[in-house]
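Computed from heavy atoms alone, side chains included, the values below leave out hydrogens, waters and symmetry copies. Just so it is clear: chains get the letters A, B, ... in the order the sequence lines come, proteins before strands, and each one is counted from 1. Predicted model, so just to flag it, every value in this text is computed and none were measured.
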Amino acid sequence: MKELTIISGKGGTGKTTITACFAALAGGEAVLADCDVDAADLHLLMQPEVTETQSFGGLKIAVQDAGACTRCGLCYDHCRYNAFDEECNLYPDRCEGCAVCEYVCPSDAIKMVDRESGEAYISNTRFGPMSHARLYAGEEASGRLVSLVRQNARDLARERSKELILIDGPPGIGCPVIASITGANLVLIIAEPTLSGIHDVERIVGVTYHFGIPALVCVNKYDINEDNTRNIEDFCRSKGLGVMGRLPYDDTSTRAMIQGKSIIEYDEDGELARRIKDLWDNTRKVMETS
Amino acid sequence: MIIAVASGKGGTGKTTIATNLALSIGEDTGENVQLIDCDVEEPNSHIFLKQLKLEKVQDVNIPIPCFDMKKCNFCGECSDFCQYNAIAVMKNDVTFFPELCHGCGGCLLVCQRDAITEKEKNIGIIERGIVDGIEFYQGLMNVGEPLAVPIIRELKKRMDERKSVVLDVPPGTACPVIEAVRGADFCILVTEPTPFGLHDLKLAVEVVRDMRIPIGIIINRDGIGDDRVEKYCEEENLPVILKVPNRREIAGLYSRGIPFTEEMPEWREKFIELHNTIKEAVRG
Ligand code: SF4
Ligand code: SF4
């Protein structure tokens, strides 16, 4: 079983659009995993039919019994996240769940309780099984929900004898990103030829490098700025990344999105679809050897 | 006044709006402006500030435990306590996973044998620069580090509320976003008129409403998609305070790191007007 993670450093580069195309091109042979649990969008193109929902408990959260509290101030002294003010009032949205207040409180006025941080789903789509999730607003963007999505995807692949897992990764370079690429066979970075895009690629390549994961890069909307495109490609080559074919700026992707379709379904014979097919074929070739 | 510029989804033009807004009010009104880039995973605002010289002003550290193996009796209390599974205690060994540690200090408190002390671990830096009348700050998280919130927290200590403060907020709706938006007087949500844009906008609206911060919507790349975002804003009584058209010229300027108000000065007026609208809404 192989895992391909598609990431971008930042959002809006076309990562999800391309993942959806790959799903269509894989022809039912892959399991899809949407690991962008904070702003999951893949389901808008996949219209999954949810067959199983699991609740996801992240960290615990402090609950205060204001009646039992003697306002001694120990919680205020010890909490490093400023979740208490000097009068020992608790601000739950600042609680990081460390449980230090519960430990130091001499009056048993604080209990750590389970908090539901999100939901994970197992679904069927027209392109095969899908594992996805939703992190509730304001919850810690930890890698644990991402790891759960990946575990569910692996279980699905085993049950349904699929050889490939396609992972739509989250933006950034933090914990969720690390959780979505560690152990993957290959990472495909979708870059944008802007000055900020160059910067983002440098940071995300730093991460793949740090964890020793083989990576490829594809510049999307390359014709917005061809100098920047070359700079990104040169940088990636110098870091040993495989440079894949470029994709042009094309409104087809937005039109397909509005209809809830992948570009492959929306305009199969179009230029953009053709180029994405090439990208898919080349990525697969690299996958086979990695 | 503190204005947070956020968006549920990345890549909608949040940084474009934040930088152009800060530059417009800075240059033309002579007001004291602070621009603070809280997107510490991928800080990009600095790219749009020409001739900016950034200087490191602070290391951001978190305290992490150190174990004295001579004192430890491998009781496992610290490991049982740690909510983040950062410590594993075996029969005669303690393994510590620094990337999981949140620096809460709990293990130190529970250890009965004084086997734990703390040391500082660097997780990022804060940089500062001044350009075009703007006092600029950004946080930069070290590659491979998982925790953004402590950096945002330190960064926001640099805010001077007597000035016009513009915050470039990280994408999404998870806790770094809450940390960045908290305490703002007004929150601009930047979105795109596409299904992805609408979906992520709804999530962001939910969060900011919960925080009781007034919201204004900016539709970027107006004309690229459909009218569902506008319909939603109407239904939800969310004011659309600006629309930026989907023009290749703007995308091209962005790609070269040029704030579009520089080449299209008529937009500077619009941003100043926008700033006035926000001021009125806040004074309300
Ligand atoms: S609580 Fe102290 S003595 Fe017990 S295992 Fe941890 S460091 Fe060692
Ligand atoms: S400081 Fe807190 S998070 Fe870090 S190891 Fe100790 S108990 Fe765990």
Side-chain angles (χ1 to χ4, degrees), chain A residues 8-13 16 38-39 41 44-45 59-60 78-82 93-94 96-100 103-104 112 135 137-143 170-178 192-197 199-200 203-204 206-207 210-211 221 224-225 228 249 251 254 257-258 260, chain B residues 7-13 15 39 41-44 47-48 63 81-84 99 102-106 109-110 141 143-149 153 170-179 182 192 194-196 199-200 203-204 206-207 210-211 224-226 248 251-252 254-257:
Chain A
S8 62
K10 84 170 184 119
T13 64
T16 300
D38 184 13
D41 283 333
L44 297 173
L45 299 179
L59 294 158
K60 295 192 171 184
H78 281 93
C79 177
R80 292 184 173 171
Y81 310 110
N82 304 324
D93 65 328
R94 301 187 184 194
E96 294 199 12
C98 74
V100 163
Y103 179 78
V104 298
M112 298 304 294
L135 182 73
E139 295 295 325
E140 187 182 49
S142 84
I173 61 165
C175 192
V177 175
I178 296 169
E192 197 182 71
T194 61
L195 283 187
S196 47
H199 193 73
D200 295 333
R203 306 258 292 163
I204 194 72
V207 177
H210 185 91
F211 291 96
K221 307 178 198 164
I224 284 182
N225 191 320
N228 288 343
Y249 181 88
D251 283 347
T254 310
M257 188 199 292
I258 287 169
Chain B
S7 69
K9 169 176 146 60
T12 57
T15 298
D39 190 357
E41 292 188 44
E42 301 280 11
N44 279 335
I47 290 167
F48 298 90
F81 182 84
C82 180
Q83 303 293 313
Y84 313 100
E99 65 288 353
H102 281 48
C104 71
L109 285 172
V110 300
M141 179 164 107
V143 165
E145 248 350 295
L147 287 184
V149 169
R153 209 181 282 135
T173 55
C175 67
V177 178
I178 310 284
E179 191 66 40
R182 182 186 289 132
E192 271 178 8
T194 64
F196 285 6
H199 176 258
D200 299 337
L203 299 176
E206 217 181 284
V207 174
D210 264 0
M211 301 174 81
I224 198 178
D226 56 14
R248 209 165 158 128
Y254 177 86
S255 79
R256 289 187 281 142

Query raised in the report: So which of A/Lys221, A/His210, A/His199 has the biggest tally of heavy-atom pairs under 4.5 Å with chain B?
Result: A/His199
Query raised in the report: Given a strict heavy-atom distance threshold of 4.5 Å, which part of B/Pro43 is in contact with chain A: side chain, backbone, both, or neither?
Result: both
Query raised in the report: Quick one: what part of B/Val149 sits under 4.5 Å from any heavy atom of chain A, side chain, backbone, both or neither?
Result: side chain
Query raised in the report: Counting only N and O atoms by type, is there a donor-acceptor contact under 3.5 Å from the side chain of A/Asn228 to the main-chain atoms of B/Ser255?
Result: yes
Report summary line: Heaviest contributor of heavy-atom pairs below 4.5 Å to chain A, chosen from B/Ile47, B/Asp39, B/Ile178, is B/Ile47
Query - Contact winner vs chain B - A/Val104, A/Leu45, A/Val177, heavy-atom pairs under 4.5 Å - result: A/Leu45
Requested in this report: Using atom types as modelled and distance alone, determine if a side-chain donor or acceptor of A/Arg203 lies under 3.5 Å from a backbone N or O of B/Val143.
Outcome: no
Query - chain B contact via A/Thr254 - which portion, at a heavy-atom distance below 4.5 Å - result: side chain
Query raised in the report: Under 4.5 Å between any side-chain heavy atoms of B/Tyr254 and A/Leu195, yes or no?
Result: no
Report task. Keeping the roles fixed (side chain from A/Arg80, backbone from B/Gly103), state whether a donor-acceptor pair exists under 3.5 Å. Result -> yes
**Report entry** Partner chain B: residue of A/Val207, A/Ile224, A/Ile258 with the largest heavy-atom pair count (under 4.5 Å)
**Finding:** A/Ile258
Query raised in the report: Do you know the tightest heavy-atom contact between A/Ala137 and B/Val207?
Result: CB-CG2, 3.1 Å
Report task. Among the options A/Gly97, A/Cys79, A/Pro170, pick out the one with the most heavy-atom pairs lying under 4.5 Å from chain B. Result -> A/Gly97
Query - From CG (A/Leu59) to OH (B/Tyr84), nearest 0.5 Å - result: 5.5 Å
Report task. First locate atom CD of B/Gln83, then atom CD of A/Glu96, and finally report the distance between them rounded to the nearest 0.5 Å. Result -> 12.0 Å
**Report entry** Atom pair CD (B/Glu41) and SG (A/Cys175), whose distance is rounded to the nearest 0.5 Å
**Finding:** 9.5 Å
Query raised in the report: Looking at A/Asn82, A/Ile173, A/Ile178, A/Ile204, which has the largest count of heavy-atom pairs under 4.5 Å with chain B?
Result: A/Ile173
Requested in this report: Mind listing the closest non-hydrogen atom pair of B/Leu109 and A/Tyr103 along with its distance?
Outcome: O-OH, 3.5 Å
Report task. Output the distance between atom CG (A/Asp38) and atom OG1 (B/Thr173), rounded to the nearest 0.5 Å. Result -> 4.0 Å
Query - Rounded distance (nearest 0.5 Å) linking atom CG of A/Leu44 with atom CG of B/Asp200 - result: 7.5 Å
Query raised in the report: Looking only at heavy atoms, which two atoms of B/His102 and A/Tyr81 are closest? And how far apart?
Result: O-OH, 2.8 Å
Query raised in the report: Quick one: of A/Ser8, A/Gly138, A/Ala39, who has the most non-hydrogen atom pairs under 4.5 Å with chain B?
Result: A/Gly138
Requested in this report: Could you have a look at B/Arg153, B/Arg182, B/Met141, B/Glu179 and say which one has the most heavy-atom pairs with chain A under 4.5 angstrom?
Outcome: B/Arg182
Report summary line: In terms of heavy-atom pairs under 4.5 Å with chain A, the winner among B/Leu203, B/Thr12, B/Asn44 is B/Asn44
Query raised in the report: If you tally heavy-atom pairs under 4.5 Å against chain A, which of B/Glu206, B/Glu145, B/Glu99, B/Arg248 wins?
Result: B/Arg248
Query - Interface moiety of A/Asp41 toward chain B, non-hydrogen atoms closer than 4.5 Å - result: both
